[in-house]
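Residue numbers begin at 1 in each chain, while the letters A, B, ... track the order of the sequences. Because only heavy atoms are used, hydrogens play no part in the values below, and waters and symmetry mates are left out as well, while side chains stay in.
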Protein chains: 2
Amino acid sequence: MFLLNVAQRRLQRWMAARSPHGGVTAAQSGLLFVLGQRDGALMGEAGAALDLGPPGISGLVDRMTAANLIERRADPDDGRAWRLWLTPAGRAAMAQSKAGLADVNARLTEGFTDAEIDVVARWLTTMQSRFPKGEDE
Amino acid sequence: MFLLNVAQRRLQRWMAARSPHGGVTAAQSGLLFVLGQRDGALMGEAGAALDLGPPGISGLVDRMTAANLIERRADPDDGRAWRLWLTPAGRAAMAQSKAGLADVNARLTEGFTDAEIDVVARWLTTMQSRFPKGEDE
DNA sequence: TCAATTTATTTCGCACGCGAACTATCTAGG
DNA sequence: CCTAGATAGTTCGCGTGCGAAATAAATTGA
């Protein structure tokens, strides 16, 4: 069960090590992908897509805004909300990350049959419902 | 591929939520287990067992020492090294964590056959060699 | 013996994300 | 219209772990 922890960390570490170019981390590329599919999303929406709580996105957005990858613009219909938009630099970084992703995914599935990968994917997905955010027992 | 990240975070979050008792976190219980099997380990050894770099353990040990779970004692044969020992409180916390672990593992494997779990375990383990610490390509 | 190197650990600055508490805005109810 | 609650984000303090640079002790070599 510590396997999961270690595996995740290994992957993260490896990804961090091989992409020092523009400083786009794994978490950041996640948000880039989300905005690539739904530019102008609310922070809450983006957070839900990435399974992050409010503080998680807030910080991520802060860092990415500072890095000039995304922009925070007020929602015209709701004074509390902000919408997130990719900058040109962000769009470029996303394209680059997308290319890298294929590589990583290939490496993740290498040596396993489709059926096996299917089992793994199902297990990971199941875990999300098995360990819910809110309640327990 | 973000699945892994999310799954790990979910698990971590869930474990954190359900054990506010003594403040023993997942990372900390990991170290407790290591010391349970090899009390008096060097920091480097413990780090290797948990797949943590030097800064990782150093910080973990600091926090756990402050919480009175473990003790840092100088190695008599090597002036640079420290050996880690469980305190009585640490030993108690370990026993408690061990009990909880069975629960978590049961929940992790629930709904999957032994063969399937085997595939998952193999996949997680393989990832460790697939994404090595040091070098690349 | 005395540098040069290796090894064990610490420190620093960073990214990440959580829970809790807070602010500001929007929406209902009376 | 005005107060009560829901909703969107922010801030704070914490734990976690990384890479890079520093410190200190041990080992190796000339």
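Partners of R9(B) under the side chain to side chain contact (heavy atoms under 4.5 Å, CB included) rule, at least two apart in sequence or in another chain, are D51(A), L52(A), N5(B), V6(B), R13(B). For E45(A), there are no side chain to side chain donor-acceptor pair (under 3.5 Å) partners, not counting sequence neighbours. Shown here are the salt bridge (charged side-chain N to carboxylate O under 4.0 Å, His left out) partners of D75(B), two or more places apart in sequence or in another chain: R83(B). Scanning for side chain to side chain contact (heavy atoms under 4.5 Å, CB included) contacts around R80(A) gives D78(A), with sequence neighbours left out.
For residues 51-83 of chain B, no residue pair satisfies the ring pair (Phe, Tyr, Trp, His ring centres under 6.0 Å) rule, not counting sequence neighbours. Sorted by first and then second residue, the salt bridge (Lys or Arg N to Asp or Glu O under 4.0 Å) pairs involving residues 23-34 of chain A (not counting sequence neighbours) form an empty list.
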Compile the donor-acceptor pairs under 3.5 Å between side chains in residues 56-66 of chain B and protein atoms, sequence neighbours left out, one pair per line.
from, atom 1, to, atom 2, distance (Å)
D62(B), OD1, R72(B), NH2, 2.5
T65(B), OG1, V61(B), O, 2.7

Determine all donor-acceptor pairs shorter than 3.5 Å in which one atom belongs to a side chain in residues 30-39 of chain B; sequence neighbours excluded.
from, atom 1, to, atom 2, distance (Å)
D39(B), OD1, L86(B), N, 3.0
D39(B), OD2, R91(B), NH2, 3.2

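Residues L42(B) and A81(B) share a closest heavy-atom pair of CD2-CB, 3.8 Å. Across all non-hydrogen atoms, the minimal contact from F112(A) to W123(B) is CZ-CA, 3.5 Å.
Note on I57(B): nothing from the nucleic acid sits closer than 4.0 angstrom, heavy atoms only. Contact annotation for Q28(A): backbone-only contact, meaning every heavy-atom pair under 4.0 Å involves sugar-phosphate atoms and none involves a base. R63(B) comes within 4.0 angstrom of a base, heavy atoms only. When heavy atoms are screened at a 4.0 angstrom cut-off, R72(A) is found touching the sugar-phosphate backbone but no base atom. Contacts of G59(B) with the nucleic acid, taken as non-hydrogen atoms under 4.0 Å apart, are absent. Counting non-hydrogen atoms under 4.0 angstrom, L60(A) reaches the backbone sugars and phosphates but no base.
Taking only side-chain atoms of M43(B), from C-beta outward, the nucleotide of dG17(C), dC12(C), dT9(C) with the closest atom is dT9(C). Closest approach to the A27(B) side chain among dG17(D), dT11(C), dT11(D) is made by dG17(D) (side chain taken as heavy atoms from C-beta onward).
Contact of the Q8(A) side chain with the M127(B) side chain is not registered, since no non-hydrogen atoms from C-beta on lie closer than 4.5 Å.
A donor-acceptor pair is defined here as one N or O able to donate and one able to accept, closer than 3.5 Å; such a pair exists between the side chain of T87(B) and the backbone of N68(B).
In this structure, E45(B) places its CD atom 15 Å from P of dT7(C), rounding to the nearest Å. In this structure, the CG atom of D62(B) is 8 Å from the C1' atom of dT10(C), given to the nearest Å. Remark: P of dC18(D) and CG of L11(A) are 13 Å apart, rounded to the nearest angstrom. If you measure from atom CD1 of I70(A) to atom P of dG9(D), you get 12 Å, rounded to the nearest angstrom. The CZ-C1' distance, from R9(B) to dG17(D), rounds to 15 Å in whole Å. In this structure, Q12(B) places its CD atom 10 Å from C1' of dG15(D), rounding to the nearest Å. Atom CZ of R13(B) and atom P of dG17(C) are 10 Å apart (whole Å). Atom CG of L50(B) is separated from atom P of dT9(C) by 14 Å (rounded to the nearest Å).
Contacts with DNA chain C (heavy atom under 4.0 Å) in residues 85-94 of chain B: none are found. DNA chain C is contacted by R80(B), A81(B), W82(B) of residues 73-82 of chain B, taking any non-hydrogen atom closer than 4.0 Å.
In DNA chain D, runs of at least 3 stacked Watson-Crick or G-U pairs (N1-N3 plus N6-O4 or O6-N4, or N1-O2 plus O6-N3, all under 3.5 Å) give these stems: C:1-30 with D:1-30.
The side chain of S58(A) contributes an N or O atom lying less than 4.0 Å from OP1 or OP2 of dT10(D).
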